[in-house]
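Report on one structure; see the data block that follows.
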Amino acid sequence: MKIYNTLSRCKEDLAPIAPPQVKIYSCGPTVYSFAHIGNMRTYVFMDLLRRTLKLNGFVPLHVMNITDVGHLTDDADDGEDKMVRGAREQKKTPWEIAQYYTDVFLQDIDSLNIDRPEIIPRATEHIEEMIAFVEGLVNNGYAYETSDGIYFDIEKFADYGKLSGLSLDDQLSGARVEVNPEKHHPSDFALWKKAPKEHIMQWPSPWGMGYPGWHIECSAMSRKYLGDFFDIHTGGVDHIPVHHENEIAQSEGLLGHPAVKYWMHGEFMLVNGGKMSKSLKNTYTLTELAQKGFSPLHFRYFCLNAHYRNKLNFTWDGMSAAKVSFERLLAGVMAHKGAAGSVPAGVIDDLRAQFLDAVNDDLNVPKALGIVWNMVRLPEKSDEVYRMLIACDAILGLDLDRQPAQQAETAHDPEIEARIQARQQAKKDKDFALADSIRDELKAKGIVLQDTPQGVKWHKE
RNA sequence: GGCGCCAUAGCCAAGCGGUAAGGCAGAGGUCUGCAAAACCUUCACCCCCGGUUCGAUUCCGGGUGGCGCCUCCA
C-alpha cells in the first residue's frame with residue numbers, strides 16, 4: 001500500500017520497520033471540552049489508516065494520547081493551561097473535567113465505529129517519562145533553564161522546520177511579537193513550566209514543582225510505548241508547523257536520529273467554506289448532529305466521501321445528501337443479502353480488486369466508495385455480492401450488514417390511527433377525494449403517510 | 001509580508017497523458033386511484049492564456065479566483 005508522507009511530500013510504499021507490525025502514534029484530544037466534528041474527521045482518517053493496514057495483513061500497535069495537562073492556551077508559553085482554564089470555567093477540578101470529556105470522547109469515537117487504538121495513555125500518568133525526557137535534553141545541551149521553566153533551544157537543532165518547510169525566519173516574519181527576554185530565541189518552546197504555588201496541577205521535578213509543556217508528552221509517550229523509531233505518526237494538518245516540528249526537535253535532539261518514518265496528516269473540515277475552530281465558535285458536535293436527525297454513521301459516511309488530504313466543506317445540505325445516500329446504500333446492500341442470482345466470478349474479482357487498489361492508494365476511500373456503489377447497482381442480486389460488500393465494510397466501517405433505519409413508525413396514537421382507518425375506508429369506497437383530504441389533513445399536522453405493500457406507514461416530518 | 005493547498009456538472013466529490021467514477025438534487029419512466037417510497041434511464045468537453053506532446057482535465061510557465069498556515073485549534 002502507498003501512503004503520503006508529509007515529510008517527503010510524496011506518496012511512498014509503506015515499508016514497515018518490523019513487519020507485520022506497524023507502530024503508529026496519533027495525536028489525540030485535549031480533554032477540556034467537547035470534541036467537534038472537525039476533530040472527529042481526523043479520527044475517522046486515523047481509523048481508515050488502521051483498517052487499511054489490517055486489511056493488508058499488517059498488525060497495528062497504535063497509541064493515541066489523551067492530553068489532560070500541559071496544553072497552554074498559546075504557544076508563546078504565556079497562556080494558561082487549558083485544563084486549568086476549563087476547570088475554572090466549569091467550577092470543577094481539572095481531573096473531573098478530564099475524566100468527563102475523556103469518557104464523552106471515547107463514546108463519540110465508538111459511535112463512529114472508530115476502532116480504539118491498542119494503547120490510550122494519559123499525559124498525567126506519564127509525568128515521570130516526560131521529566132526524564134526533559135532531563136535528557138538538558139544534559140545533552142538542547143535545553144536550558146530560565147526563571148519560569150525549561151526551554152528547548154531551537155537554534156541548536158539545525159533541521160528545525162523540515163516538516164512544514166518553514167524556516168525560523170519565515171515563522172517570525174508575520175508572527176506575533178512576544179516578550180520573554182530569558183529565552184534564547186523567540187521560538188524556543190517550553191518543555192517544563194515552573195508552577196506558581198496556587199497552580200492546581202503540579203508535580204515535583206528536578207526544577208521544583210511544575211507541569212509539562214504540551215509537546216513533550218507526545219515525544220515521551222510515543223517513545224515509551226513504541227520505542228526510538230516507529231512507523232507512522234498521524235495528526236491534523238494544523239499540527240505540522242508547531243507541534244510536530246517541536247516533537248521532531250525534541251525526539252531527534254534526544255535520540256540523535258529521527259523517531260518517525262512516515263508522517264501523515266488529515267486535512268481540515270470547513271464550515272460553509274471557511275475555517276472551523278473553537279475560537280470562531282462555529283463548531284458542531286455529534287450531539288448537535290443527532291439533534292438534527294443525523295446519526296454518527298451518517299457523519300462517517302459524509303467524511304468517507306472526501307479524501308483525507310483534501311479539505312471537506314461541511315454544510316447541512318451536504319449532510320442531508322450523505323444521510324439519504326447512506327440509507328439508500330444500506331437498502332441496496334440488503335437487496336443482495338441471501339439473493340439467489342449469480343454474478344460472473346470475473347466481475348466480482350474485478351470489483352474487489354478495484355476496491356483494494358483504491359484504498360491502498362493512499363486511502364482513496366471516496367473512489368472506493370464509488371466502486372461500492374457499482375457493486376450495489378449490479379443488476380443481478382446475489383449473495384456473493386453481499387458478502388463482497390460486507391468484506392469492503394472492514395474498511396468503510398458503516399455497518400453495511402445493518403438494516404436501513406426504519407422511518408420511525410411512531411408508537412400508538414389512537415387519534416392518528418383512527419384517521420388512517422377512515423382514509424382506508426374511503427379508499428375502499430373509491431372516495432379518493434376524501435382519502436386525499438385526510439392525508440392532507442395529517443400532513444398539515446406533520447404526519448406523512450406512505451402506502452406500502454406492507455400497509456400504511458406514517459412518520460413525523 | 002512569508003509558506004502551502006485547491007479550482008471538475010445546481011451541490012458534494014474521484015480522476016495523475018488517451019476524449020470525465022460515485023453520491024445528492026433535477027428531468028423522463030416503471031409502480032401507485034393519486035401521491036410517497038423504491039427501482040430504471042438521463043444529465044459536464046474539466047477557471048483563463050500560453051507551452052510540451054500524435055494526444056492534456058491530467059505535465060510545465062503565467063494569470064485569475066478561493067482557502068489554509070505563519071496565535072490556540074483535528
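Since we're looking at a predicted model, the values are computed, not measured. Proteins get letters first, then strands, A, B, ... in listed order; numbering begins at 1 in each.
In this structure, A/Asp317 reaches neither bases nor backbone, as no heavy-atom distance under 4.0 Å exists between it and the strands shown. Using a 4.0 Å heavy-atom criterion, one finds that A/Leu449 contacts the bases of the nucleic acid, with or without backbone contacts as well. Within 4.0 Å of A/Met40, counting heavy atoms only, lies no atom of the nucleic acid at all. Contact annotation for A/Lys11: base contact, defined as any heavy-atom pair under 4.0 Å involving a base atom.
Under the Watson-Crick or G-U wobble criterion, with both distances below 3.5 Å, B/A20 is left unpaired in every strand shown. Look at B/U53: it lacks any Watson-Crick or wobble partner with both distances under 3.5 angstrom. Shown here, B/A25 forms no base pair; nothing in the strands shown gives a Watson-Crick or G-U wobble contact with both key distances under 3.5 Å. When both distances must be under 3.5 Å, the Watson-Crick or G-U wobble mate of B/G33 does not exist. Checking B/U8 for Watson-Crick or G-U wobble geometry (two distances, each under 3.5 Å) identifies B/G15 as its partner. With a cut-off of 3.5 Å on both Watson-Crick or G-U wobble distances, the partner of B/G68 is given as B/C3. Here B/U58 sits opposite no nucleotide as a Watson-Crick or G-U wobble pair (both hydrogen-bonding atom distances under 3.5 Å).
The aromatic rings of A/Tyr284 and A/Phe314 are tilted relative to each other, their planes meeting at an angle between 30° and 60°.
Comparing the P positions of B/C47 and B/A35 gives a spacing of 41 Å, expressed to the nearest Å. Taking atom C1' in both B/C6 and B/A13, one finds a spacing of 13 Å when rounded to whole Å. Comparing B/U53 with B/U71, their C1' atoms are spaced 48 Å from each other, to the whole Å. Atom P of B/C46 sits at a distance of 15 Å from the matching atom of B/A21, rounded to the whole Å. Distance check on atom P: B/A9 versus B/C48 gives 11 Å, rounded to whole Å.
Side-chain nitrogen and oxygen atoms of A/Asn310 include none within less than 4.0 Å of the OP1 or OP2 phosphate oxygen of B/C6. Note on A/Asn313: every side-chain N or O is 4.0 Å or more away from OP1 and OP2 of B/C11.
Interface remark: the A/His36 side chain does form a donor-acceptor pair with the B/A74 base, using a distance-only criterion of under 3.5 Å.
Tested against A/His233, the residues A/Lys261, A/His265, A/Glu247 include a single side-chain hydrogen bond (donor to acceptor under 3.5 Å, both in side chains) partner, A/Glu247. With respect to A/Lys23, the side-chain contact (heavy atoms from CB on, under 4.5 Å) criterion is satisfied by exactly one of A/Val63, A/Ile232, A/Asp231, A/Val260: A/Asp231.
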Protein-nucleotides 64-68 of chain B N/O pairs under 3.5 Å:
residue	atom	partner	partner atom	Å
B/G68	OP1	A/Lys275	N	3.0

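Each of A/Ala321 and A/Gly38 lies near RNA chain B, and the nucleotide nearest A/Ala321 is the one positioned closer to the 5' end. Between A/Gly236 and A/Arg9, the one whose closest nucleotide on RNA chain B sits nearer the 5' end is A/Arg9.
Side chains of A/Asn360 and A/Asn56: a donor on one and an acceptor on the other come within 3.5 Å.
Remark: A/Asp110 engages A/Arg116 in a salt bridge, criterion side-chain N to carboxylate O under 4.0 Å. Remark: A/Lys162 engages A/Glu252 in a salt bridge, criterion side-chain N to carboxylate O under 4.0 Å.
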Determine, stepwise, if the pair A/Leu369 / A/Tyr301 fulfils side chain to side chain contact (heavy atoms under 4.5 Å, CB included).
-> CA-CA 9 Å; A/Leu369 196 54; A/Tyr301 183 91; 3.9 Å; yes
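Remark: side-chain polar atoms of A/Lys381 are paired, donor with acceptor, to backbone N or O of A/Val376 under 3.5 angstrom.
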Contact string for nucleotides 28-33 of chain B, one letter per nucleotide 5' to 3', B = base within protein heavy-atom range under 4.0 Å, S = sugar-phosphate only, - = neither, reads -----B
Which nucleotides of nucleotides 38-46 of chain B have their base under 4.0 Å from a protein heavy atom (B), which only their sugar-phosphate (S), and which neither (-), written as one string 5' to 3'?
-> SSS------
